[in-house]
Number of protein chains: 2
Amino acid sequence: MSVGNGLGDNSVIEQVGLNISSAMGRNLTYGMLDMLGKAIVTGQYDNQVFPTEAELAKKYEVSRSVVREAVKMLGAKGLLTARPRKGTTIQSTDRWNLFDIDVLRWLLDRKFSLNVLRQFTELREAIEPAAAALAASAHSSEGLAAIKAGFTRMEAAERDEDDPLEADIAFHIAILQASDNPFYAQFRDVVTTALRTSIRFTNRFKGRTASLPQHKAVLNAIANRRPSEAKAAMAALIADVMALIADAERSG
Amino acid sequence: MSVGNGLGDNSVIEQVGLNISSAMGRNLTYGMLDMLGKAIVTGQYDNQVFPTEAELAKKYEVSRSVVREAVKMLGAKGLLTARPRKGTTIQSTDRWNLFDIDVLRWLLDRKFSLNVLRQFTELREAIEPAAAALAASAHSSEGLAAIKAGFTRMEAAERDEDDPLEADIAFHIAILQASDNPFYAQFRDVVTTALRTSIRFTNRFKGRTASLPQHKAVLNAIANRRPSEAKAAMAALIADVMALIADAERSG
DNA sequence: GATTGCACAATTATATGATAATACATACAA
DNA sequence: TTGTATGTATTATCATATAATTGTGCAATC
């Protein structure tokens, strides 16, 4: 099945046909989702009209069903919109659902920008202290146990007996969950994704190890049900992260 | 085409067949999305296995393509997941993307959502003061102009020359946008949806009219580039909203 | 009796082709 | 200039067929 259509063959890949194969996802549709999503977010379609269903199907050698379902999912995430006769078009970036983990991952996978990391940390400065305060007043015994477990893992990581990043994440996630507010808990995957990606950066500076005493202060305040203390402790902790980023922005 | 299949005919509607018709959305697929999403969120499938594609297609009298594309969208929003042989299943609520405006709308549309409204306002208590602070230090001239415009609309609404709810929304949205941080700006649609829905509740008590002086304090602080003042003013404003909700929760 | 392997079946996944609906663009008419 | 008809490109919908996946149960084996 030849591919030399009228679209212009500007790359070897295009000539051969982009073989998605379910290696890229759990099936063709999810492979397509990931490939298109990444392409859109990285701006590969910026100065051209987005292809039609038929063109995408031909280019990626999949059926129109696969294309349509992937496009529908990208629509649900705010990246695309489709209209008869008009075609499929990329929505303006302010319509993108940044709290969708796929979108966030695509965003962070691209040429990583300190700017995005800073903006994200600005959000954490609002969310996490508030979550800590809520956790202090509302936590269940299991919630507190999870926070403690996270801290214990951080101590273990200090002794090289656990992964420091995963321990750190576990601690922060546990607090979000302990807030007993689904909107705060919602940031779980977002914080995880963003931290996991940003570690490349922050690792570069310190020998790592997020400050254990600061984390302990947060833990204690929550355990003793002191909301404003927990809030302040968490705010201090994230302020340090922010200072690190500001440093990096200055030094380039 | 008879519908008396083996699914059990427990309602008149089901006997006749649920006619989606594109009146429910811009087309059949979006109608299906809305109908299924609402049904899932309101718990209509809670104690039963979720229907298969074929069953849904028959029940709603649409083709499998329509069902599949709607299901894919609901999957992208975190509500559903599908596996061969296993069928389509509802994901646990902590996987639902609460910052998707459709999901949020379905959540708020259901009865007894005062609790959700309170939890959402707890989030606003963190987000909006921080956004106001950022807006105070980072706002552009257009950003400030939009905030002023929102306030002007609120003044007009006071004189019955504008819709008070829409004016209030415009003010808060403008601040989120002026923060110049896409993660904060992201809350635009969420805040809009939530406020628009919540008006039913808050309307019940006072003649409503969000406090004009309080909003003016926020505006002035931002205009004069005083972040901490803006933050405090906004926090006071939302604390009042929260008090209103707490009142409602007490009185039922 | 427990484990392993195989056949079967249910369900989603994919492909294909046909027709309908939508709405942009153009030409033509008033 | 405005309105109207018509052609046409694209998504929307339907129908049907086949493939892939995987849980279930039965049989074979140890």
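Because the structure is a prediction, the values reported are computed rather than measured. Sequence lines set the chain letters: A, B, ... in the order given, protein chains first and strands last, and positions in each chain run from 1.
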Decide, yes or no, whether a salt bridge links B:Arg153 with B:Asp168 under the criterion of side-chain N to carboxylate O below 4.0 Å.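 No salt bridge links B:Arg153 with B:Asp168.
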Under-4.0 Å salt bridge between A:Arg105 and A:Asp189: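 Salt bridge flag = no for A:Asp189 with A:Arg105.
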Tell me whether the count of non-hydrogen atoms from other residues, nucleotides or ligands lying under 6.0 Å of CZ in A:Arg118 goes above 12.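 Yes, the 6.0 Å shell around CZ holds more than 12 heavy atoms from other groups.
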Inter-residue atom distance A:Arg188.CZ - B:Arg95.CZ, 0.5 Å rounding: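 The CZ atom of A:Arg188 sits 7.0 Å away from the CZ atom of B:Arg95.
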Does the base of D:dA12 carry an N or O that pairs as donor and acceptor with the side chain of B:Thr29 under 3.5 Å?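 Between D:dA12 and B:Thr29, which were checked side chain against base, a qualifying N/O pair under 3.5 Å is absent.
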By side-chain contact (heavy atoms from CB on, under 4.5 Å), which residues pair with A:Arg64, not counting sequence neighbours?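 Applying side-chain contact (heavy atoms from CB on, under 4.5 Å) to A:Arg64 gives A:Glu53, A:Ala57.
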Assess the side chains of A:Gln119 and B:Asn181: does a donor N or O sit below 3.5 Å from an acceptor N or O?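 No, because no side-chain N or O of A:Gln119 sits under 3.5 Å from a partner of the opposite role on B:Asn181.
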Which residues in residues 80-93 of chain B have a heavy atom closer than 4.0 Å to any atom of DNA chain D?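 Within residues 80-93 of chain B, the residues near DNA chain D are B:Pro84, B:Arg85.
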5'-most by nearest nucleotide on DNA chain C - A:Val66 or B:Ala54: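 Upstream on the strand: B:Ala54.
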Please report, rounded to the nearest Å, how far the [atom2] atom of [N] is from the [atom1] atom of [X].
| X | N | atom1 | atom2 | answer |
| --- | --- | --- | --- | --- |
| A:Lys58 | D:dT10 | NZ | P | 13 Å |
| B:Arg64 | C:dT11 | CZ | P | 11 Å |
| B:Arg26 | C:dA21 | CZ | P | 18 Å |
| B:Met73 | D:dA12 | CE | P | 9 Å |
| B:Glu69 | C:dA13 | CD | C1' | 13 Å |
| A:Tyr30 | D:dA20 | OH | C1' | 16 Å |
| A:Leu56 | D:dT11 | CG | P | 9 Å |
| B:Arg68 | D:dC14 | CZ | P | 15 Å |

Side-chain contact test, heavy atoms from C-beta onward, threshold under 4.5 Å: evaluate it for B:Leu56 versus B:Met32 and give yes or no.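 The answer is yes; the side chains approach within 4.5 Å.
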Is B:Glu61 reaching over with its side chain to a backbone N or O of B:Lys58, donor-acceptor style, under 3.5 angstrom?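 No, the answer is negative, given that no donor and acceptor are paired below the 3.5 Å cut-off.
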For DNA chain D, please output the secondary structure as dot-bracket, reading 5' to 3'. Pairs are Watson-Crick or G-U wobble, both atom distances under 3.5 Å; mark crossing pairs with [ ], other-strand partners with |, unpaired with a dot. ||||||||||||||||||||||||||||||
Is any side-chain N or O of B:Ser63 closer than 4.0 Å to OP1 or OP2 of D:dT13?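 No, outside the criterion.
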Can you tell me if the side-chain N/O atoms of B:Lys72 get under 4.0 Å from OP1 or OP2 in C:dA13?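 Looking at the OP1 and OP2 atoms of C:dA13, one of them is under 4.0 Å from a side-chain N or O of B:Lys72.
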Quick one: sort the A:Phe99 and A:Phe187 rings into parallel, tilted or perpendicular, breaks at 30° and 60°.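 Aromatic pair A:Phe99/A:Phe187 classed perpendicular.
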Shortest side-chain distance from A:Ser65, nucleotide among C:dA15, D:dT10, C:dT14: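 Within the option list, the nearest is C:dA15.
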